[in-house]
Amino acid sequence: MSAGAVGAPVRRTGPPVPSTLRSLSRPGRRASMLPPLDVPEAEITPDHRRSGSVDLPEVAERDLVSHFTRLSQRNYGVDTGFYPLGSCSMKYNPKVAEQVAALPGMQRLHPWQPDSTIQGALELLWRLERALCEITGMHRATLQPPAGASGELTGLLIMRAYHTKQGDPRTKILIPDAAHGTNPASVTLSGYTPVKVPADGRGLVDLEALHRLTDDQVAGLMLTNPNTLGLFEVDIADITKTVHDAGGLVYYDGANLNAVLGKARPGDMGFDIVHINTHKTFATPHGGGGPGAGPVAVVERLEPFLPAPLVKQADESDGGRGFEWDRDRPDAIGRVHGWNGNFGILVRAYAYVFGHGRDGLKEVGERAVLNANYLAALVRDAYPLAYPDGRPMHEFVSTAKPLRRHGVRAMDVAKRLIDLGFHPSTVYFPLVVEEAMMVEPTETESKETLDAFAEAMSQVAREAEQDPDLLHEAPVTTPVRRLDEARAARDLRLTWSMGGGAAGSKAGAGVVAEPSADAAGEQPTA
Amino acid sequence: MSAGAVGAPVRRTGPPVPSTLRSLSRPGRRASMLPPLDVPEAEITPDHRRSGSVDLPEVAERDLVSHFTRLSQRNYGVDTGFYPLGSCSMKYNPKVAEQVAALPGMQRLHPWQPDSTIQGALELLWRLERALCEITGMHRATLQPPAGASGELTGLLIMRAYHTKQGDPRTKILIPDAAHGTNPASVTLSGYTPVKVPADGRGLVDLEALHRLTDDQVAGLMLTNPNTLGLFEVDIADITKTVHDAGGLVYYDGANLNAVLGKARPGDMGFDIVHINTHKTFATPHGGGGPGAGPVAVVERLEPFLPAPLVKQADESDGGRGFEWDRDRPDAIGRVHGWNGNFGILVRAYAYVFGHGRDGLKEVGERAVLNANYLAALVRDAYPLAYPDGRPMHEFVSTAKPLRRHGVRAMDVAKRLIDLGFHPSTVYFPLVVEEAMMVEPTETESKETLDAFAEAMSQVAREAEQDPDLLHEAPVTTPVRRLDEARAARDLRLTWSMGGGAAGSKAGAGVVAEPSADAAGEQPTA
Amino acid sequence: MQFAPHTDDDVREMLAVLGMSSVAELFDQIPEDVRLGRDLDIPLGLSEMELVADLRGLAARNRHTDDLVCFAGGGAYDHYVPAVVWALAGRSELYTSYTPYQPEVSQGILQALFEYQSLICDLTSLDVSNASLYDGATALVEAVNMARHATRRSRVLVSETVDPRYWATLRTYGRGTGYQPEPLLADVAGGTSSNPSRPEIGDDVAAVVIQHPNVFGNLEPARELFDAAHAAGARTIQVFDPLSLGVLAPPGDLGADIAVAEGQPLGNHLAYGGPYLGIIAARMQDVRRMPGRIAGETVDVDGTTGYVLTLQAREQHIRREKATSNICTNQTLMAVAATIYLGWLGPKGLEELGRQSHAKAAYAAERLSSLSGVDLAFPDTPFFKEFAVRTEREPDAVQRGLIDAGYLAGPVCEVGPQGRDGRVLLVAVTERRTREEIDAFVKAFEEACS
Amino acid sequence: MQFAPHTDDDVREMLAVLGMSSVAELFDQIPEDVRLGRDLDIPLGLSEMELVADLRGLAARNRHTDDLVCFAGGGAYDHYVPAVVWALAGRSELYTSYTPYQPEVSQGILQALFEYQSLICDLTSLDVSNASLYDGATALVEAVNMARHATRRSRVLVSETVDPRYWATLRTYGRGTGYQPEPLLADVAGGTSSNPSRPEIGDDVAAVVIQHPNVFGNLEPARELFDAAHAAGARTIQVFDPLSLGVLAPPGDLGADIAVAEGQPLGNHLAYGGPYLGIIAARMQDVRRMPGRIAGETVDVDGTTGYVLTLQAREQHIRREKATSNICTNQTLMAVAATIYLGWLGPKGLEELGRQSHAKAAYAAERLSSLSGVDLAFPDTPFFKEFAVRTEREPDAVQRGLIDAGYLAGPVCEVGPQGRDGRVLLVAVTERRTREEIDAFVKAFEEACS
Ligand SMILES: Cc1ncc(COP(=O)(O)O)c(C=O)c1O
Ligand SMILES: Cc1ncc(COP(=O)(O)O)c(C=O)c1O
């Protein structure tokens with residue numbers, strides 16, 4: 001099978017400048033219609049009343065439909081093809097999960113409904129919590145955090161609450177230098193100071209450095225395992241013990257949980273707090289950038305600090321047999337979300353977890369690791385592994401450094417892959433690897449797809465040598481070619497009122513901004 | 001707005017030869033999973049048992065999803081853009097109709113459910129029948145026919161039953177020479193002989209010829225009004241009277257009903273039998289070629305012959321207050337469908353009819369006619385109207401004959417329009433017009449879209465003169481270019497076992513067929 | 001609701017181009033006496049939210065098969081429809097397109113139809129299929145027309161154990177094309193007599209039609225019947241169940257020249273009887289007599305593989321009164337759904353589904369027949385996933401009792417010409433039914449019988 | 001269920017390339033002592049049909065807003081979601097994609113986000129927005145962080161009439177960033193005192209936060225409060241209701257520097273509280289302090305207009321511990337839905353929806369307040385679509401009684417600090433409710449109160 005046969009249908013299409021809702025707008029046109037008002041009109045007091053109407057676009061339903069249908073065709077999703085974005089677990093999103101989440105008995109619950117009217121929903125959350133605890137080896141979990149980063153901050157605030165309760169609030173959080181950007185950002189928001197732990201020659205936590213850095217001001221360590229280089233931290237027991245011995249807690253960033261599903265559990269490794277990205281491990285769709293869900297599970301001693309409320313099974317002694325929200329949690333850190341998290345996403349995660357079951361989940365992990373190792377074996381000649389001695393787990397980090405001598409960068413490889421019909425891997429992440437290409441095939445891809453992608457990668461490496469401009473010019477087949485990111489950040493057009501939506505009726509000059517660090521090139525794409 | 005801004009996203013995409021399910025197949029792969037069998041195994045007697053397993057493709061769910069997602073992107077639908085296929089009323093298909101048809105209480109009814117369990121469905125059908133009768137000016141209607149052609153045959157069999165009952169079965173059916181192909185085909189299947197009625201210089205039924213052809217062997221006349229040239233048969237009262245006077249019946253082919261919605265009714269014009277294409281007039285989606293629905297409404301004297309069963313309101317005297325199927329119809333022509341028609345489509349038609357109401361439906365007709373007339377005014381210079389003196393109703397027939405002197409055919413214009421981002425109009429229908437281009441914009445298109453299309457038509461006319469090869473070569477932007485239809489009909493590859501699906505594992509030589517009349521070119525596209 | 005996007009300005013500007021001052025002028029040509037001088041007598045239009053409320057109200061007055069546990073059959077079956085089928089068939093580029101007359105922008109539908117035809121031929125062991133017909137019954141009508149044309153003979157013999165709906169449909173259309181189906185007698189075992197003599201299959205017989213599994217779910221001596229028919233020079237036509245073919249010998253192997261089926265079980269919702277699809281498959285000898293659209297593979301001017309509608313010279317839009325059929329709009333979208341469904345099922349799924357449906361039906365039959373006042377109507381005849389029971393109590397009353405208990409069974413079916421041999425209740429069991437449901441159904445059945 | 005497509009042969013061949021003989025070898029590196037030596041204690045996997053049955057069973061044990069007539073509010077509202085919204089937002093190229101890091105193949109999402117930002121700015125009369133935040137409450141947290149950075153001040157004054165969920169969320173996150181929100185006192189009329197003095201808005205105040213309409217649905221003296229805050233050099237933050245803006249003056253006009261909202265009402269399903277979206281909009285002065293993704297327009301190398309993520313130097317993946325926020329995954333799909341919804345609504349629809357919701361709420365309030373034992377909690381304060389009632393009977397009991405009668409109202413809300421001023425029941429009325437429903441609700445309310 002040729003690489004092209006896996007190819008992506010996002011291609012240059014008709015109009016170079018697509019319409020916007022603004023440019024489609026015509027005064028007096030409309031899509032919505034309400035029933036006639038069947039009660040007396042009521043006045044808004046003049047001081048609160050809006051003067052004049054809102055300047056929203058006026059379009060017909062038919063316009064909306066073709067506009068968004070066309071926009072969708074200018075987008076590449078997992079359903080379109082291979083999407084090996086490292087650190088993101090872009091696996092197939094089961095259609096059945098969409099179907100069950102759309103059941104009126106799931107989709108049309110008001111968040112203020114009394115517990116007695118949502119017994120099915122509470123039982124679902126309760127079962128999901130139990131399963132997540134079993135999968136991670138933890139005691140209890142909150143399903144409130146709406147994403148991984150939110151989970152991180154939740155976990156860090158739990159750490160803070162714990163240490164504060166111990167009368168020893170501490171100041172620092174250790175994080176590997178290869179950590180995802182959300183880790184240090186969350187640390188700052190939790191009021192701690194991040195301290196970088198370097199990797200050693202194996203690409204693993206430098207134990208010596210860890211020992212050195214771990215002191216009584218260390219509130220905890222955040223770690224991904226397998227780590228963000230796709231490598232398993234083999235000294236994990238040692239690592240967690242080191243931190244524990246110093247009175248710290250250890251946080252598991254669950255972005256890479258897919259690799260160890262049913263094989264190893266953060267709890268058994270000594271982690272105290274775990275977040276899970278349902279949109280990675282449990283295949284809830286990424287939605288173009290969200291929503292996700294980031295449940296946080298903890299060991300028993302941290303349970304009191306979990307955000308309130310949690311679902312509990314009502315006391316049999318009270319005669320209760322159902323489920324209810326337990327709001328009475330005096331040590332809880334509070335709310336981390338205005339509601340109870342992304343319920344609709346949790347329904348999808350439930351479908352994934354219980355659909356796969358213990359047998360299916362284990363196979364997920366196995367196949368994910370098999371795929372990554374197989375693909376790594378095929379591409380590592382042209383794109384050496386950043387840590388060639390390590391065995392990758394569910395993803396691997398290669399480097400495009402050898403192509404640099406042809407003037408070719410990792411981003412050029414990525415763009416050329418687009419022309420060959422693939423979504424590229426993550427590039428420039430982790431930051432610690434030069435010209436990083438972080439590839440995560442996931443378990444839902446077939447050997448043929450991996451073979452085709454590897455062939456495309458090899459082809460691009462050959463082209464880099466023979467015709468580097470082919471890569472510099474790429475992509476040429478897409479609706480737009482390489483975009484001027486520096487200009488976007490300089491000449492700000494963030495709305496059509498700022499002169500954006502060139503086809504719009506309000507076109508004008510953009511807002512010129514102060515100089516910015518933005519520029520095309522070395523920005524991580526995960 | 002430039003023509004391109006309405007442009008179509010169906011473009012050349014990655015792989016020149018798309019995968020087929022067959023080429024994606026790998027032994028042992030599968031998508032489906034059933035629960036374990038929870039009852040004892042049972043043997044199929046050996047003489048009935050299949051030997052060996054069926055040679056179906058073996059693919060994973062993920063393969064299915066990307067395969068069909070990509071196939072869909074190789075297809076142009078109404079949601080993609082303007083689709084002015086004459087005679088087909090390719091209007092916007094409301095999303096709400098899809099939603100209500102998918103309600104479990106509509107979508108999951110078993111056709112053998114007793115009447116008492118489907119009162120809502122029966123009431124819906126009853127209300128729809130009443131509304132269709134009001135719209136057409138008829139007495140009662142059957143909702144059984146699944147499409148227009150099926151409605152035609154139903155109507156003709158009603159004619160036959162009527163005449164037979166009268167003791168005068170008759171032999172002939174009159175149809176205009178510009179009629180749609182299904183008309184004569186249905187006539188043959190009803191056991192009658194079609195007799196062509198020519199059009200006069202106005203593009204209307206030649207009254208003199210009609211009088212001449214109408215004799216006591218004429219069972220009836222079939223007519224579309226507006227006719228297939230998009231013109232209103234102004235002598236309609238005369239026409240129907242002529243046939244009635246000779247003891248014949250008059251059939252209304254409802255393909256063009258959109259033009260007269262709420263303005264004029266076939267019943268008031270003297271028609272006895274009417275079919276309605278819900279997939280045209282009432283915007284039920286065309287589904288890539290189907291399904292549709294073709295309800296048939298009749299005047300009172302023909303009611304006894306309508307297929308059984310019909311919905312009736314249960315006798316109050318019986319204490320019944322609901323609805324039931326009336327199966328006791330001794331003169332009924334019988335069943336024309338194995339079930340009760342395309343119920344799911346009828347639900348959508350109901351949503352359209354009652355959503356629009358009397359006010360909305362009238363506006364539909366008005367806007368459809370306005371759009372067609374406006375567009376005709378813009379393009380008639382370059383593409384003269386076939387009958388320049390007639391005022392088009394909801395569609396018009398132009399001719400590309402003037403371009404013939406540049407060696408350009410109507411089909412070339414159509415293909416070039418594809419490159420400019422539009423679905424072409426119907427071409428080569430009606431057969432009586434040379435180089436026919438039959439354009440039906442429908443009411444759901446905006447003035448801007450019509451302007452853009454007209455501009456594209458003009459551009460193509462200019463190109464025909466200046467660079468005819470641009471038209472001969474077109475389309476060049478699509479996933480495939482002009483296809484060899486003669487070869488398809490000669491070297492038959494109708495399945496992958498016949499050597500089709502070139503990317504398949506079973507590729508081989510096609511089956512060479514006897515010479516055939518098929519060839520690219522002058523085939524009607526409606 | 002109104003989807004016409006015209007603003008008042010638009011209307012004015014467009015009329016100006018036409019030199020008109022009102023929309024009414026556009027309709028001037030309609031003679032006064034045929035113009036509707038009043039508003040239509042239907043309610044005013046609704047907003048979307050009102051419309052949805054109306055339809056929810058209607059839907060709420062239907063009981064449906066997520067609510068009633070479904071043991072009903074008679075040609076439509078509660079097989080599982082996987083989520084993937086309509087997630088894909090519901091892609092709007094597919095469902096809002098029309099017949100792929102312009103193949104360059106219709107490769108999606110065309111290739112899907114090519115794959116559908118291929119899968120149907122794989123299933124049936126026959127050579128050619130088409131882009132779908134309306135439903136099973138009208139597919140049989142088309143098959144009979146093909147046979148009558150091919151043989152240039154007139155008579156059509158149809159087994160008594162063919163579904164009465166098919167009989168009724170044949171009778172209707174036969175009146176147009178000039179035949180009336182004649183019965184091939186069923187014997188007491190609930191199948192067609194394997195030694196047909198009355199009426200003999202003479203050399204005026206165009207087609208012999210059997211349904212296998214038949215209307216009662218029973219397996220027919222198809223091979224013997226088809227042999228006898230072939231010996232007389234007739235075309236053989238089988239009405240089949242596509243989901244039986246994982247375990248039952250396919251029509252092609254049994255000797256059918258033409259096979260037709262109700263395609264609903266292939267991923268289509270029950271939807272109160274439609275939209276379903278009529279499946280047809282035949283041997284190469286009859287390819288030019290096939291009704292409807294056929295997709296075929298070819299190449300474009302650059303040699304790239306692509307798909308077109310082919311052999312169009314059979315069809316009404318070209319051949320008009322000489323066409324093989326009058327069909328135009330068909331059930332393409334349902335064929336696309338069937339394609340996805342069969343892709344989902346795969347060969348192993350098909351086999352397993354057949355095995356499970358059969359085993360569950362056998363289990364249900366055994367349990368039901370152990371009830372007092374309940375007997376299998378044809379205890380000695382093998383069946384596939386559906387069987388007939390005779391009850392001491394009126395079968396309609398039993399069916400009603402079951403509904404009250406939350407179960408749907410049926411239809412009630414007559415046995416023998418004009419119901420000479422009484423009435424039976426059909427029970428169908430698909431892979432969806434669990435043992436627990438079957439056991440509960442049996443219990444409800446017992447109560448409904450007493 | 002299993003979506004990994006590997007056949008046994010695939011696994012064998014792939015292992016062979018790796019020089020391995022079993023999949024287990026891949027996991028050899030995991031030390032024995034942290035390996036899970038047993039199966040997970042969760043049930044075996046299910047087939048899709050079993051899973052659907054399980055979820056249907058769970059769903060059946062929930063009552064939902066197609067069943068209970070919804071007069072509940074408190075931040076989530078039963079506005080009508082037109083069919084077109086999810087038919088389009090549900091296009092799989094959109095919902096199965098991730099953050100548009102590769103803009104050339106992500107123009108769909110990027111342009112949709114650009115349009116979303118534009119619409120939010122049109123709505124709020126502010127300058128910039130972003131690609132969404134998690135929900136309304138966390139959007140407020142981000143707004144407060146922006147204000148604290150911008151002013152380099154610390155204190156945060158929050159009106160007591162801001163939703164307690166927002167208060168709770170601020171408290172949680174404030175513990176991390178080093179502030180605790182302090183109350184701006186509400187007066188007896190159910191609004192923030194328009195003359196805030198205690199605690200004074202001093203020059204250490206970073207932000208003044210009000211909700212308008214407030215937690216009780218009441219309209220606040222926003223202009224006065226914002227003027228006072230600005231006079232003290234603080235940033236002004238408004239929590240707003242996007243569907244109020246067809247009739248109420250927008251945050252930008254009222255003097256808000258930053259406006260945040262729960263975006264659920266814009267075409268998103270109630271879904272028991274999520275996924276919703278956090279809306280944020282601000283003035284150009286704070287553009288570089290904005291959290292999260294921002295789409296911007298630019299051109300490609302050929303000069304073609306296109307969209308990218310811009311100002312990324314604010315974000316965690318570049319700026320890491322110095323980022324304006326830690327947000328990465330957001331609620332993009334909900335923002336796409338909101339875009340489609342606002343496109344559907346248009347300016348006239350927005351206005352009409354506001355007018356209708358208000359009129360219906362006013363009608364319901366009038367009817368309810370005429371009942372004995374029922375009073376408006378704040379009879380003299382204007383409200384938008386939601387209002388608070390005091391009942392002689394315990395409000396929870398009233399709520400329960402209403403549920404038994406088929407109506408959902410609520411939440412029950414405390415008035416004053418620590419509920420000093422008792423508890424009230426909130427009633428929200430959207431454009432969906434008919435007069436008939438309101439009248440029936442009032443009747444049920446009367447019964448529930450007695
Ligand atoms: C390693 C790692 N940690 C944390 C995150 C943040 O998770 P989320 O995007 O769900 O907030 C990501 C997401 O890409 C990640 O890859
Ligand atoms: C004028 C006319 N008559 C009849 C038909 C046949 O209708 P259907 O395709 O629904 O069978 C058509 C369809 O294109 C038509 O245009």
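In what follows, chains carry the letters A, B, and so on, assigned in the order in which the sequence lines appear, proteins first and then strands, with residues in each chain numbered from 1.
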Please identify, among [options], the residue contributing the most non-hydrogen atom pairs under 4.5 Å to chain B.
options: C/L18, C/T177, C/L15; value: C/L18
options: C/G306, C/A72, C/S325; value: C/A72
options: C/V23, C/L342, C/D78; value: C/V23
options: C/D135, C/I403, C/T65; value: C/D135
options: C/L51, C/L55, C/I438, C/V308; value: C/L55
options: C/R56, C/Q356, C/Q117; value: C/Q356

Considering only heavy atoms, which portion of [X] lies under 4.5 Å from any heavy atom of chain C: side chain, backbone, both, or neither?
X: B/F232; result: both
X: B/L34; result: both
X: B/E445; result: backbone
X: B/L157; result: side chain
X: B/I44; result: both
X: B/N93; result: side chain
X: B/P40; result: both
X: B/F354; result: both
X: B/K263; result: both
X: B/I135; result: both

Can you tell which part of [X] gets under 4.5 Å to a heavy atom of chain B, answering side chain, backbone, both or neither?
X: C/I42; result: both
X: C/I294; result: side chain
X: C/R355; result: side chain
X: C/V301; result: both
X: C/L68; result: side chain
X: C/T339; result: both

Answer yes or no: is there a donor N or O on one side and an acceptor on the other, between the side chain of [X] and the main chain of [Y], under 3.5 Å?
X: C/T138; Y: B/H337; value: no
X: C/S97; Y: B/G77; value: no
X: C/T298; Y: B/L483; value: no

When heavy-atom pairs shorter than 4.5 Å are enumerated against chain C, which of [options] gives the highest number?
options: B/T444, B/L370, B/V100, B/L153; value: B/L370
options: B/G360, B/A351, B/P307; value: B/A351
options: B/G341, B/P184, B/A264, B/A31; value: B/P184
options: B/G191, B/P424, B/S190, B/G355; value: B/G355
options: B/G148, B/P146, B/G334, B/A414; value: B/P146
options: B/M269, B/Q113, B/R160, B/K91; value: B/Q113

Any non-hydrogen side-chain atom of [X] less than 4.5 Å from a side-chain atom of [Y]?
X: C/L58; Y: B/E123; answer: yes
X: C/K348; Y: B/S53; answer: no
X: C/V247; Y: B/R50; answer: no
X: B/V480; Y: C/Q107; answer: yes
X: C/M1; Y: B/V96; answer: yes
X: B/N342; Y: C/Y276; answer: no
X: C/F27; Y: B/E366; answer: yes
X: B/F68; Y: C/I340; answer: yes

Interatomic spacing from [atom1] in [X] to [atom2] in [Y] - rounded to 0.5 Å:
X: B/M106; Y: C/L270; atom1: CE; atom2: CG; value: 15.0 Å
X: B/T117; Y: C/Q399; atom1: OG1; atom2: CD; value: 8.5 Å
X: C/H64; Y: B/H110; atom1: NE2; atom2: NE2; value: 15.0 Å

Is it true that [X] and [Y] make a salt bridge, defined as a side-chain N closer than 4.0 Å to a carboxylate O?
X: B/R482; Y: C/D300; value: no
X: B/R74; Y: C/E104; value: no
X: B/R481; Y: C/D302; value: yes
X: B/R358; Y: C/D41; value: no

Report task. Would you check if there is a donor-acceptor pair between the side chains of B/S72 and C/R91 at a distance under 3.5 Å? Result ->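 A donor-acceptor contact under 3.5 Å links the two side chains.
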Query - B/V54 and C/E351: CA distance, side-chain angles, deciding distance, side chain to side chain contact (heavy atoms under 4.5 Å, CB included) verdict - result: CA-CA 8 Å; B/V54 191; C/E351 191 183 325; over 6 Å; no
Requested in this report: Report the C-alpha distance between B/V65 and C/L88 in whole Å, list the side-chain angles of each, state the deciding distance to 0.1 Å, and finish with yes or no for side chain to side chain contact (heavy atoms under 4.5 Å, CB included).
Outcome: CA-CA 7 Å; B/V65 169; C/L88 296 172; 4.2 Å; yes
Requested in this report: Take C/D122 and B/W496 through the test side chain to side chain contact (heavy atoms under 4.5 Å, CB included) and record every step on the way to the result.
Outcome: CA-CA 9 Å; C/D122 287 350; B/W496 45 53; 3.0 Å; yes
Report task. Check the pair C/K322, B/T188 against side chain to side chain contact (heavy atoms under 4.5 Å, CB included), reporting the backbone distance first and the verdict last. Result -> CA-CA 8 Å; C/K322 299 208 180 61; B/T188 302; over 6 Å; no
Report task. Apply ring pair (Phe, Tyr, Trp, His ring centres under 6.0 Å) to the pair C/F3 and B/H356, showing each step before the final yes or no. Result -> CA-CA 9 Å; C/F3 300 102; B/H356 281 77; 5.7 Å; yes
**Report entry** C/S92: which of B/N75, B/D79, B/T80 passes side-chain hydrogen bond (donor to acceptor under 3.5 Å, both in side chains)
**Finding:**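 Filter result, single survivor: B/D79.
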